[in-house]
Protein chains: 2
Amino acid sequence: MPRPTKNEPERGDARTRLLEAARDTIRAKGFAATSVDDLCRAAAVTKGAFFHHFGSKDALGVAAAEHWSETTSAFFAGAPYHAPDDPLDRVLAYIAFRKSIITDDPAEFSCLAGTMAQEVHASSPAIRDACGRSLFRHAATLEADIEEAMRDRGLSGEWTAASLARHTQTVIQGAFVIAKAGNDPALARESLDHLDRYMRLLFGRAAEDRAQ
Amino acid sequence: MPRPTKNEPERGDARTRLLEAARDTIRAKGFAATSVDDLCRAAAVTKGAFFHHFGSKDALGVAAAEHWSETTSAFFAGAPYHAPDDPLDRVLAYIAFRKSIITDDPAEFSCLAGTMAQEVHASSPAIRDACGRSLFRHAATLEADIEEAMRDRGLSGEWTAASLARHTQTVIQGAFVIAKAGNDPALARESLDHLDRYMRLLFGRAAEDRAQ
DNA sequence: CAATATACCGACCGAACGGTATGAATAGGC
DNA sequence: GCCTATTCATACCGTTCGGTCGGTATATTG
């Protein structure tokens, strides 16, 4: 079971490098337009290594979605938006955080799972489901805070915490699409402002104290 | 300038048939995964005909986006949601209409422009811009009604009619992504309900009288 | 009725595609 | 110190890709 050579200590992490290359390249070009050779070049591995670690290009797609789910889970778990005492503040801080990480390059800030799911939803159920799990698992991390904020205010009825959590992801995914179509990340931030406003209106929180 | 032959009267519409095939196939499989041969097969034309009408696959992509823009413009212009006297009612009727045309198959109800833009935003500026024009031109058709509804209620300040019109498209595009990822069109309808609720909260319209 | 332009047809091209077969290097278990 | 499993490397395969090209049929123009 040999991987790290004395002369080549970075040996053995070909799989990880391929997953990282997949994350970056697929976000930039899409899944179908990304060739196996593209990924091997970006990860500086050979085709033999690729098909040693992944049985097919589709299998790489599934693994990339799972890797995406794991790394983003860790990233958001460690983010500062969990700090506020009030649950609604945490939800609003989440939206503000999502807004703050939008940079100039869509390949940097957009979502691998959303991009791939949109592309392969009909042609590759395995990849689509892996992307769906990533997306809805992330959405679910908001549910507890939303639920608590609803209880605090005695809200209930037309909509559920789960539904609002999913809607948050809808707006975020849509924001990525619109930002790409308009070639302007500001369009994404603009919609996150509307999402923030929706939350405040739902929970009766004034807009004046919004963090800028 | 000959096209309709006596024996083959459907001759001459190869271009249109290719554009319709592009609309259907690209919505189902994406742009990169759709081959020129796929389109020729679906449109029952030869490769010679394809490259007679379109200089390249990219040119077909641009033409498909423009064709999409024209046909959807006509479709929405003729839709019944323009009937109400009150401008806010027209906006809410638009959202209800968008919800009503969501069927079981994403390839039927999703947006060609959004799908293509997400895929080619970095690799093909020409297609991306054609998709962007389609999207934002459609968004702009909502602006006048939103503006009028704002005037009616003396609303102004944090957000503009143009911004809210764009946000509407953000939610719709996001709804398509989430519906595909979750393999469930109901997820899209759910987010349109949240968008409806946001509009009512913004404009101080009660939710009880919502059409079902 | 010849000239011309349009609308196609279908065989073909080189490159790139996803995937495979074989084998070398390495390190841990015994 | 040998065996075995793992991690790659390299060369190659058949297919499909976007695109080209010479040719044909038809309708319009003068």
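Lettering of chains follows the sequences in order, A, B, ..., and the numbering in each one begins at 1.
Taking atom NE2 of A/His52 as the reference point, atom C1' of D/dT7 lies 5 Å away to the nearest angstrom. Computed from coordinates, the A/Ile127 CD1 to C/dG18 P distance equals 12 Å when rounded to whole Å.
Checked against ring-ring contact (aromatic ring centres under 6.0 Å, His included), B/Phe176 has the following partners two or more places apart in sequence or in another chain: B/Phe109. Residues satisfying the side chain to side chain donor-acceptor pair (under 3.5 Å) test with B/Asn183, not counting sequence neighbours, are none. Residues satisfying the side-chain contact (heavy atoms from CB on, under 4.5 Å) test with B/Ala49, not counting sequence neighbours, are B/Val45, B/Thr46. Scored by the ring-ring contact (aromatic ring centres under 6.0 Å, His included) test, A/Phe54 finds A/Phe50 as partners (sequence neighbours excluded). Looking at residues two or more places apart in sequence or on another chain, you find a side-chain contact (heavy atoms from CB on, under 4.5 Å) between A/Ala149 and A/Pro87, A/Leu88, A/Arg153, A/Phe203.
Across A/Thr115 and A/Ile26, no two heavy atoms sit closer than the pair CG2-O, 4.1 Å.
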Summarise protein proximity over nucleotides 14-20 of chain D in one line of letters, 5' to 3': B for base, S for sugar-phosphate only, - for none, counting protein heavy atoms closer than 4.0 Å. ---SBBB
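Computed from C1' positions of five pairs at each end, the angle between the two local axes of the helix from C/dC1-D/dG30 to C/dC30-D/dG1 equals 10°, rounded to 10 degrees.
For residues 119-145 of chain B, the side-chain hydrogen bond (donor to acceptor under 3.5 Å, both in side chains) pairs, not counting sequence neighbours, are B/Asp58-B/Ser124, B/Arg90-B/Asp145, B/Tyr94-B/His138, B/Arg98-B/His138. Residue pairs meeting the side-chain hydrogen bond (donor to acceptor under 3.5 Å, both in side chains) criterion with at least one member in residues 20-36 of chain B, sequence neighbours excluded, are B/Lys29-B/Asp38, B/Ser35-B/Asp38.
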